There are 2 protein chains.
Amino acid sequence: MLSGRVPVSVYENPRLVEAVGVIREGLSKHITVFVSGRCRVEYEGRASSTLDWGERMIMIKSDGSVLVHRPVGYEPVNWQPSGCLFQTELTGDGNLKIKAIRHRPRESISIFFDKVYLVTVLDLIDTGEFALHASESQMREAILVKPSLVEKGFRPISREKDLGETGFIDVFGVDVEGKFVVVEIKRNPIGKDAVLQLSRYLESIRKKVNRPVRGMVVGPELRKGVQPLLERLRLEYRSLSPQKCFEVLRREKVKKISEFF
Amino acid sequence: MLSGRVPVSVYENPRLVEAVGVIREGLSKHITVFVSGRCRVEYEGRASSTLDWGERMIMIKSDGSVLVHRPVGYEPVNWQPSGCLFQTELTGDGNLKIKAIRHRPRESISIFFDKVYLVTVLDLIDTGEFALHASESQMREAILVKPSLVEKGFRPISREKDLGETGFIDVFGVDVEGKFVVVEIKRNPIGKDAVLQLSRYLESIRKKVNRPVRGMVVGPELRKGVQPLLERLRLEYRSLSPQKCFEVLRREKVKKISEFF
DNA sequence: ACGTCGATCTCGAAC
DNA sequence: GTTCGAGGTCGACGT
């Protein structure tokens, strides 16, 4: 913790005029302001909305983003993405008004409080790294690191091959007999859409190369009803879980570090 | 306010063991718990993620949803949708652990605090109505109320017509000359995807009716490059803003009320 | 239960 | 700057 920094300051049941001062000061310092109280909200922009009086929580972050949260629900009922400018004031009829405006697109939300239960000003420091594992691109990485995840003897030639209008191929390679293999990777259960997409890719490639090309979908499982479609289109399926790929990449990382020393 | 209800209770810089008690009590009462402190987060489920140590804000709502917010960014860095079950405890190495588990899909997040700056328990009541104006379905409503928004003499026949595998038509009707008109409504600028979708709908309908059918996209504007595609496919465009539709519906509402009295 | 579609989607990358 | 696609998308609605 930095010397002298007070991470959290709390103001309980402030008068509205006091709350205005605290909120303005927090916003001017570009730190986080958390307000709870009775309010109504108006939004005007890409759409427009009104939210009648009720008790809620408002979070204003240092990057100028705003969240209005009801007591239930994962999503904020009203919000503003980062980059807002703020006006905080007492209105003529004695409410506390916070207005957040952004440009491009031009939109604003106005929050009117007639009672504030709590204002918290938070000066937080967060440099911790966030890492999401086993995404679709990481599954591709894992296959390039360890091609046998697809099948024994598989050798990748290129990744993310551009087919022009048709789209991209996840992995393109040759099998143990030298036949081309087009691999379509999915992190989620494979549906008909993915199979048809692969089918379109194959059609595009077969036009160009004029020799046998295998098509393979790779993912954690097949949705039901997809197997017959695969057979009809003469495509193949290889089971591969994101977790397995994560393991492969983790081992590779360890290997690289031990080679380095 | 309900007699005796204390909307907000604040605990500043509690010892972790005290924080455990307060959080458990809040969760058991199914009210909102807000925690700020130094923490790390692990997620395991559809994907997996790790978030290293840093100072953040955690919101746990009465419906069992969880949000982990960094000091910047509109979106939570980690979260859990509603319906979670919770375990709150001190770990062997003296951290405060909050674990939120949900089933279908099976996933969990674990939040480990080594310092808690603030625990706030909020017993909020929020019955205020939320109204969003000028959605896509409201644009359809407006067209049914006032068909001339599409063009003079247009008469709607049906809405949300099912085309089986192809999808749905927003509005289907006849023009002043009795020709069929298929209307595709968009609240946002119209891109190629919407035009191609309309084109597929038309193809499907023309097979069935075997007489002239006009296709029209209706929305606030055309994305650039879409005009040539419209011309090539012999489709039409009619400008209509969500705001205009909102106005039409508002006037209709006023009219209905005045007819009632 | 599963699948499709819209969203004040948000966010990031590519062009 | 705009456009395009992915997301632990979420949430609503229909089957």
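By convention in this document, chain letters (A, B, ...) are assigned in the order of the sequence lines, proteins followed by strands, and residues within each chain are numbered from 1. Worth saying up front: this structure is predicted, and the values here are computed from it rather than measured.
For B/Lys186, counting side-chain heavy atoms from C-beta on, the closest listed nucleotide (C/dT10, D/dG11, C/dG6) is C/dG6. For A/Leu132, the listed nucleotide lying nearest its side chain is D/dG8; candidates were C/dT8, D/dG8, D/dT3.
Taking atom P on both C/dT8 and C/dT4, the two are 22 Å apart, rounded to the nearest angstrom.
B/Arg102 places its CZ atom 9 Å from the P atom of D/dG11, with the value rounded to the nearest Å. Between the CG atom of B/Leu198 and the C1' atom of C/dC5 there is a distance of 17 Å, rounded to whole Å. In this structure, the CD atom of A/Gln80 is 12 Å from the P atom of C/dC9, given to the nearest Å. In this structure, the CZ atom of B/Arg223 is 18 Å from the P atom of C/dC15, given to the nearest Å. Atom P of nucleotide C/dG12 and atom CD of A/Glu136 are separated by 19 Å, given to the nearest angstrom. In this structure, B/Glu42 places its CD atom 17 Å from P of D/dG8, rounding to the nearest Å. Following rounding to the nearest Å, B/His133 (NE2) and C/dG6 (C1') show an atom-to-atom distance of 18 Å. In this structure, B/Asn188 atom CG and C/dG6 atom P are separated by 10 Å, rounded to whole Å.
Here B/Arg46 reaches the OP1 or OP2 of D/dT9: one of its side-chain N or O atoms lies under 4.0 Å away. Listed pair A/Trp79 / C/dT10 meets the phosphate criterion, a side-chain N or O lying under 4.0 Å from OP1 or OP2. Between A/Lys192 and C/dG3 there is no side-chain polar atom (N or O) within less than 4.0 angstrom of OP1 or OP2. Within the structure, a side-chain polar atom (N or O) of A/Arg104 is placed less than 4.0 Å from OP1 or OP2 of D/dG1. Taking 4.0 angstrom as the limit, B/Arg106 places none of its side-chain polar atoms (N or O) nearer than this to OP1 or OP2 of D/dG8.
Nucleic acid contact for A/Phe130: none, since no nucleic acid atom lies under 4.0 Å from a heavy atom of the residue.
Every residue meeting the salt bridge (charged side-chain N to carboxylate O under 4.0 Å, His left out) condition with B/Glu236, not counting sequence neighbours, appears here in chain and number order: B/Arg214. Residues satisfying the side chain to side chain contact (heavy atoms under 4.5 Å, CB included) test with A/Pro147, not counting sequence neighbours, are A/Phe154, A/Pro156. With sequence neighbours excluded, the residues satisfying side chain to side chain contact (heavy atoms under 4.5 Å, CB included) with B/Cys39 are B/Val41, B/Arg56, B/Ile58, B/Ile111, B/Phe113. For A/Gln87, there are no side-chain hydrogen bond (donor to acceptor under 3.5 Å, both in side chains) partners, not counting sequence neighbours.
Where B/Ser82 and B/Ser49 each meet DNA chain D at their nearest nucleotide, the meeting point lying more 5' is that of B/Ser49.
Contacts with DNA chain D (heavy atom under 4.0 Å) in residues 69-78 of chain A: A/Tyr74, A/Glu75, listed by number.
Donor-acceptor pairing under 3.5 Å, judged by distance alone, is present between the side chain of B/Glu107 and the base of D/dG8.
Of all heavy-atom pairs between A/Leu27 and A/Val33, the closest is N-CG2, 4.1 Å. Taking all atoms of both residues into account, the shortest heavy-atom contact from B/Ile185 to B/Met139 is CG2-CB, 3.8 Å.
Within the structure, salt bridge (Lys or Arg N to Asp or Glu O under 4.0 Å) pairs that include any residue of residues 67-82 of chain A comprise A/Arg70-B/Asp126 (at least two apart or interchain).
Ring geometry, B/His69 versus A/His69: the interplanar angle exceeds 60°, so the pair is classed perpendicular (tilted spans 30 to 60°).
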